[in-house]
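Computation of the quantities below employed the complete heavy-atom set of this structure, encompassing side-chain atoms and omitting hydrogens, waters and symmetry-equivalent molecules. Indexing begins at 1, ligand by ligand and atom by atom, following the structure's order.
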Amino acid sequence: MNFDTSCLHAGYKPAGGEPRNIPIIQSTTFRYETSEDMGKLFDLEASGYFYTRLQNPTSDAVAARLCALEGGTAAMLLSSGQAANFFAIFNIASAGDHVVSSTSIYGGTYNLFSVTMKRMGIEFTFVDPDCSEEELAAAIRPNTKAVFGETIANPALTVLDLEKFAKVAHAHGVPFIVDNTFATPYLCRPFQWGADIVTHSTTKYLDGHAAAVGGAIVDSGNFDWDKYSDKFPGLTTPDDSYHGVTYTKKFGLGGAYITKATAQLMRDFGSTPAPMNSWLLGMGMETLPLRMDKHCSNALQVAEFLQNHPQVAWVRYAGLPGDKYYELGKKYLPKGCCGVVSFGVKGGRKAAEAFMAKLQLCSIATHVADAKTCVLHPASATHRQMNDQELIAAGVGPDLIRLSVGIEDPADLIADVKQALED
Ligand SMILES: *Cc1c(COP(=O)(O)O)cnc(C)c1O
């Protein structure tokens, strides 16, 4: 099946008389005839459902759909994007290990890595997303277990050179993990450029309607854990907490990583999505290609309008010729650079606040990547504890406005922005 068809049909094929839509299996538990039948499930000898904290048929069908869209071998859904990035790293790194990450990542992920996971004994080195191969290689240590970055970073809108990061990670025998939230597999499939694991905050474009918080991890099946067995003993030696199973032996390179994350981490941390939320995600993904095309074309029109407006100081959007990331955008995001645009208004913080107050159609919200246009002035919201100098150092200047362009008629959006800039 081609991509657009997979959005509708991958992961679930009803037999005669069964529901056409993915059923919502709103049940914590599943019944068996004998204790022996159930024992086989616990030993990972048979596959089946027993408790929704580990696996649920609705969530699995939607995970299989996303797996097909990314071109992976296995996938799992989680209760949030935060849980997805935590699991993705913690599945292969523990106390005493080290991870290299781009600095240009979502603030919540940065805090997870630099504060919370650091407290768990995992050290992170942050590198400039535009660093050279030599600089990236210099950050990797003998105990490094992964390299991490975002395809299109939230909120900086940098486009990562995926091939470069993959090449350096692989030269050092570690996987490259990519948070593909802003691009979605419709705009970029990181596995084609050498990424090994993809994560998502499905809360954003994949759901698309600001309906449910969720996350996902997809494995390409390409990373050879057995080749670097001394680095990844959790995957290549027996798991005492799961009846001595060796994940790569039993589930192959295509299934080991996701099975381990489900059997160990989901069992112990329980970051499980509600079946209803998984169903909403599956419904959202049906229209992903239509929505992303519209987000991209609307955002480009709004970005062009802003760029030509005398009240606007600067615009950042990789789809605009002349943008710092235009060339990388052309290579990795040929269908468009998503719906998020950032810009500054002349007059700094005060002018930005006045602009925000005058908007009518664009709603002020911390959310992004929604069908409805939303807008945020970080200096007066998420970053309001910082002074102007601190904001500039964090790459979020006092004048910066993040506009997540929705799928409304672009003329209405431009009219709203225009009146807020001019009145
Ligand atoms: C929002 C976001 C997250 C966190 O996801 P939640 O679903 O809010 O937990 C992680 N990465 C990126 C790129 C995001 O935009």
Side-chain angles (χ1 to χ4, degrees), residues 59 62-63 66 70 75-90 99 101-117 124 126 129 146 148-160 162 165 177-188 190 195 197-218 265-266 269-274 277-278 280-281 284-285 292 295 299 318 325 332-333 337-342 365-370 374-376 378 381-383 395-396 402-405:
S59 300
V62 177
L66 180 57
E70 287 286 5
M76 67 195 288
L77 299 187
L78 301 95
S79 54
S80 69
Q82 287 300 104
N85 282 325
F86 172 61
F87 276 37
I89 301 281
F90 200 65
V99 174
S101 170
S102 162
T103 47
S104 189
I105 55 173
Y106 175 64
T109 310
Y110 188 82
N111 196 70
L112 169 70
F113 290 173
S114 63
V115 179
T116 303
M117 291 186 79
F124 286 78
F126 293 95
F148 181 92
E150 294 180 6
T151 316
I152 305 174
N154 175 13
L157 305 182
T158 49
V159 178
L160 196 65
L162 300 176
F165 271 64
I177 304 177
V178 174
D179 182 332
N180 198 34
T181 296
F182 269 21
T184 81
Y186 180 69
L187 299 180
C188 178
I197 310 286
V198 158
T199 63
H200 281 282
S201 166
T202 62
T203 315
K204 315 293 166 52
Y205 288 120
L206 287 175
D207 169 305
H209 302 83
V213 173
I217 308 175
V218 188
L265 304 185
M266 206 52 112
F269 292 105
S271 311
T272 311
N277 283 3
S278 299
L280 284 164
L281 171 60
M285 283 195 295
M292 292 315 290
H295 279 295
Y325 295 98
Y332 292 111
L333 306 155
C337 295
C338 91
V340 188
V341 178
S342 64
T366 51
H367 198 50
V368 276
D370 180 6
C374 39
V375 61
L376 185 73
T382 47
H383 294 61
V396 184
R402 183 182 72 185
L403 186 63
S404 171
V405 179

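At distances below 3.5 Å, not a single donor-acceptor pair connects side-chain atoms of E150 with backbone N or O atoms of L160.
None of L66, N180, I177 except one satisfies the side chain to side chain contact (heavy atoms under 4.5 Å, CB included) rule with V198; the exception is N180.
Contact annotation: G214 has at least one heavy atom less than 4.0 Å from an atom of ligand 1.
Of the polar atoms of Y106, none of the N or O atoms is found under 3.5 Å from an N or O of ligand 1, judged by distance alone. Taking distance alone, with nitrogen or oxygen atoms compared against 3.5 Å, E150 stays at or beyond that limit from ligand 1. The distance criterion of under 3.5 Å between nitrogen or oxygen atoms is met by G81 with respect to ligand 1.
The aromatic rings of F269 and F86 stand perpendicular to each other, their planes meeting at an angle above 60°, with 30° marking the opposite boundary.
The shortest contact between atom 8 (O) of ligand 1 and any protein heavy atom is with S201 OG, 4.1 Å.
For atom 11 (N) of ligand 1, the choice among N85, D179, T181, T109 with the nearest heavy atom turns out to be D179. Within the set H200, K204, H367, the minimum heavy-atom distance to atom 2 (C) of ligand 1 is found for K204.
A donor-acceptor pair shorter than 3.5 Å cannot be found between the side chains of S104 and S102.
Close contacts of ligand 1 with T203, meaning ligand atoms under 4.0 Å from a residue heavy atom, involve 6 (P), 7 (O). Close contacts of ligand 1 with N154, meaning ligand atoms under 4.0 Å from a residue heavy atom, involve 14 (C), 15 (O).
In this structure, A88 and I217 approach most closely via the heavy-atom pair N-CD1, 3.8 Å. Here the closest non-hydrogen pair linking A84 and T199 is O-CG2, 4.2 Å.
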Can you list the steps and then say if F113 with F148 is a ring-ring contact (aromatic ring centres under 6.0 Å, His included)?
CA-CA 11 Å; F113 290 173; F148 181 92; 5.0 Å; yes
